[in-house]
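Heads up, the thing below is written out as structure tokens.
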Amino acid sequence: MLSPQLLILSLISGLHLLSLADGDPMTEVFRWKQMDFYNRGDGLSSLGGRKDRPSFSAPVVFPGKHSRRKRQSMTSRDTPVAINSRADSDDSNAPYIPYNNVPMGATHFRGRLFVTMPRRRMGIPSTLNYIDLAEDGLDRSPKLRAYPNFELNQFNASAENLVSVYRTSVDACQRLWFIDTGMLEYPNNRQQIRRPSIWVVDLATDQVLKRFDIPESIAETGRGLASITVDVTAGQCGDAYAYIPDLVYRRLYVYHLRNDRIWSFEHNYFSFDPLSGDLNIGGQTFRWDDGIFSITLGAQKLDGSRDAYFHPMASTNEFVVSNRVLQQESNAARSDHGNDFRVLGSRGPSTQSTMHAYDPGTGVIFFDEIQRNGVGCWKTSKPFSAENYGSVDSNAMEMIYPSDLSIDEEGTIWVMSNSMPIFIYSILDTNIYNFRIWKQKASLAKKGTVCE
């Protein structure tokens, strides 16, 4: 007998699944009913010792002058007023609460798959983790290992430790970059316990190379800092730029590693599209107003520049700006950017996207599609249009809410799907698989689509 949740998803699947996917589908690599860790911080080694139930509380409000309590719509970082407590939380202070652990990001580098667990609820043992593919690659539901170690993930132990990480990025110099939002996003108790910060880790030694605290004059809070894109050439590792979208305050921050400076761009194109904020995902109907969400860099041109493609999540449009524009700090102070920021066009109906990434081997940008529960694509050598936008895969039963998409140095696409809308607006069924990681070669993913 199917649960009501599965019946709903079956209907969605019947309506959408058969007609959307054209390319070689994504291959499921890992799946979890609930996430587990090698080190939970509680001395336990299995799920049997802990009550397995959700921990909910009242709506989120961040007090102070930047409070958004008057907003009628929400971003993906909010808990709705309608969600009340559904279970007692006598274990709310436990270091590990299985239900509260919802993975967000997935990035692969040479046998290690980095998996992030932002602290949106209590009971998250470590926010930055990895899967050792040599040790645990054959396990369909592997436990996570804290990265670079468990101690650095204990935010209460030191002001130098990690608080909450959403997504990671590996650059051409074999370094792991990420944003620590510095925020505990607990319902009814959101706390900016330290400044949001940019981190750079050497993947050869697992040593932290750089931590840069983002000043309040640039970003009031870390609430909207969900991703980071690194612009650097191998051999010129000190001259790296990082592009950081802010989905809440709708800005684009640029950090220059060599000068250790950061500046902020504002533009109307960073805002959401009011006609694209109504979503229906995983049987949940809701409205989000997430602004600029993802940035990816295209191929290097003859003059050395690269196009930076970006989009808000609550939008079906794609935009572009030259990285040369972003790298000039003086440009950020302009009141009018002229035609530097351009509209490429619309991907078509129901193509709202979280993350996207450019694959240099194929010249194709691949998109996480949250409405279609799948992956889309566009060949950058073709005009940007709905007709030139293809579908690689779509699976409304299993790829619910693809939250991250990255492409490794071998040209393999990695996708995380995490059922986030169900977690926010309903209750996850812990008897079924809620979280999955998928992969596919970019060269195969584009086959049979308009992206060839």
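Residue numbers run from 1 in the order of the sequence given.
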request  = May I ask you to decide if F155's main-chain N or O and R194's side chain share a donor-acceptor pair within less than 3.5 Å?
outcome  = yes

request  = List the atom of I228, the atom of A242, and the distance in Å for their closest heavy-atom pair.
outcome  = CD1-CB, 3.8 Å

key: Trace of the ring pair (Phe, Tyr, Trp, His ring centres under 6.0 Å) decision for F286 with Y425   = CA-CA 9 Å; F286 51 94; Y425 297 103; 4.8 Å; yes

query = Taking only residues at least two apart or on different chains, which pairs with a member in residues 118-170 satisfy disulfide bond (SG atoms under 2.5 Å apart)?
reply = none

key: S197: partners by side chain to side chain donor-acceptor pair (under 3.5 Å), with sequence neighbours left out   = W199

note = Contacts of A333 meeting side chain to side chain contact (heavy atoms under 4.5 Å, CB included) (sequence neighbours excluded), chain-then-number -> none

key: Derivation of the ring pair (Phe, Tyr, Trp, His ring centres under 6.0 Å) call for Y358 and F366   = CA-CA 6 Å; Y358 172 78; F366 295 90; 9.4 Å; no

query = Can you name the side chain to side chain contact (heavy atoms under 4.5 Å, CB included) partners of N317, sequence neighbours left out?
reply = D273, S315, F319, S346

key: Residues forming a side chain to side chain contact (heavy atoms under 4.5 Å, CB included) with S406, sequence neighbours excluded   = T107, W414

message = By the salt bridge (charged side-chain N to carboxylate O under 4.0 Å, His left out) test, which pairs, at least two apart or in different chains, include something from residues 311-321?
response = E318-R347

message = For the aromatic rings, using the six-membered ring if either is Trp, is the centroid distance between F341 and F270 under 6.0 Å?
response = yes

request  = Output all residues satisfying ring-ring contact (aromatic ring centres under 6.0 Å, His included) with W378, sequence neighbours left out; order by chain, then residue number.
outcome  = Y309, F384

task = Would you mind listing every salt bridge (charged side-chain N to carboxylate O under 4.0 Å, His left out) that reaches into residues 355-365, with sequence neighbours excluded?
result = none

ask   = Closest heavy-atom contact between G123 and N101?
value = O-ND2, 3.0 Å

ask   = Any salt bridge (charged side-chain N to carboxylate O under 4.0 Å, His left out) pairs touching residues 434-443, not counting sequence neighbours?
value = E28-R436, E398-R436

task = Using modelled atom types only, decide if a donor and an acceptor are shared between the side chain of H267 and the backbone of R250 within a distance under 3.5 Å.
result = no

ask   = Distance-only, no hydrogens or angles: does the R251 side chain make a donor-acceptor pair with backbone N or O of I218 under 3.5 Å?
value = yes

F114: which of W177, Y147, F109, F178 passes ring-ring contact (aromatic ring centres under 6.0 Å, His included) = Y147

query = Could you give all pairs that pass the salt bridge (charged side-chain N to carboxylate O under 4.0 Å, His left out) test and reach residues 231-246, with sequence neighbours left out?
reply = D231-R306, D239-R258

key: Matching residue for D136 among K143, R145, R112 - test: salt bridge (Lys or Arg N to Asp or Glu O under 4.0 Å)   = R145

query = Does the ring center of Y243 lie less than 6.0 Å from the ring center of Y255?
reply = no

request  = Begin from the C-alpha positions of L128 and T168 and carry the test side-chain contact (heavy atoms from CB on, under 4.5 Å) through to its verdict.
outcome  = CA-CA 9 Å; L128 181 59; T168 59; 3.8 Å; yes

ask   = Is there any disulfide bond (SG atoms under 2.5 Å apart) pair reaching into residues 181-222, and which pairs are they, with sequence neighbours excluded?
value = none

note = Sequence neighbours excluded, the answer for side chain to side chain contact (heavy atoms under 4.5 Å, CB included) partners of S227 is R167, P245, M355

